Amino acid sequence: QVQLVESGGGLVQPGGSLRLSCAASGSILGINAMHWYRQAPGKQRELVATITYTGNTGYADSVKGRFAISRDNAKNTVYLQMNGLKPEDTAVYYCNAVVRTVVNGPLYNYWGQGTQVTVSS
């Protein structure tokens, strides 16, 4: 079994910064891509940022230039540095990891429990 635990959410004023972390633990042989998603009230979950094992990144247009995703493969941890936060960034943020648990086995998607980010004055 694999667990993902997020941390770092909270309440911040517009223009402020937060850094989210997501640590994976359990029966992990390797982690391919890791992602951050978010879901605002009444809206569908959307992909915010992606990072491959080798460090290639991708971002939603709405966060380009403000958010930065990174990872520490030795710690099985992914981060999301969020700068210039706006009220529309308010959402529950979820991390997702594509994990292989056995040699030559299939890849599985695992999700964290989510962490609330609220941007408000």
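Because the structure is predicted, anything quoted here is derived from the model rather than measured.
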Solution key, residues 92-108 side-chain donor-acceptor pairs under 3.5 Å, sequence neighbours excluded:
from	atom 1	to	atom 2	distance (Å)
Tyr93	OH	Arg38	NH1	2.9
Tyr93	OH	Asp89	O	2.6
Asn96	ND2	Asn109	OD1	3.1
Asn96	ND2	Tyr110	O	3.3
Arg100	NH1	Gly105	O	2.4

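- Contact detail for Gln3 and Gln1: the closest heavy-atom pair is NE2-CG, 3.3 Å.
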Step by step, would you call Val2 with Ile28 a side chain to side chain contact (heavy atoms under 4.5 Å, CB included)?
-> CA-CA 7 Å; Val2 175; Ile28 299 170; 4.0 Å; yes
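- If you run side chain to side chain contact (heavy atoms under 4.5 Å, CB included) between Tyr59 and each of Ile69, Leu47, Ile51, Val48, only Ile69 comes through.
- Hydrophobic clustering (ILVMFWY, side-chain heavy atoms < 4.5 Å, transitive): Trp36 and Val119 are in one cluster.
- The backbone N or O of Cys22 sits nowhere less than 3.5 Å from a side-chain atom of Glu6 that would complete a donor-acceptor pair.
- With sequence neighbours excluded, no residue forms a ring-ring contact (aromatic ring centres under 6.0 Å, His included) with Phe67.
- There is no path of hydrophobic side-chain contacts, each under 4.5 Å, that joins Trp111 to Val117.
- In the displayed structure, Gln44 atom CD is contacted under 6.0 Å by at most 12 heavy atoms of other residues, nucleotides or ligands.
- With a 4.5 Å cut-off on side-chain heavy atoms, Gln116 and Leu11 do not count as touching.
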Only pairs under 3.5 Å count here: list side-chain donor-acceptor contacts from residues 77-85, not counting sequence neighbours, and write none if there are none.
from	atom 1	to	atom 2	distance (Å)
Thr77	OG1	Lys75	O	2.9
Gln81	NE2	Asn83	OD1	2.9
Asn83	OD1	Ser17	OG	2.9

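- Of all the heavy atoms in Ala91 and Ala40, the pair that sits closest is CB-N, 3.8 Å.
- When every heavy atom of Gln113 is checked against every heavy atom of Leu4, the shortest pair comes out as OE1-O, 3.4 Å.
- The two residues Arg71 and Asn32 have their closest heavy-atom pair at NH1-O, 2.7 Å.
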Tell me, with the steps shown, if Ser120 and Thr118 meet side chain to side chain donor-acceptor pair (under 3.5 Å).
-> CA-CA 6 Å; Ser120 175; Thr118 302; over 6 Å; no
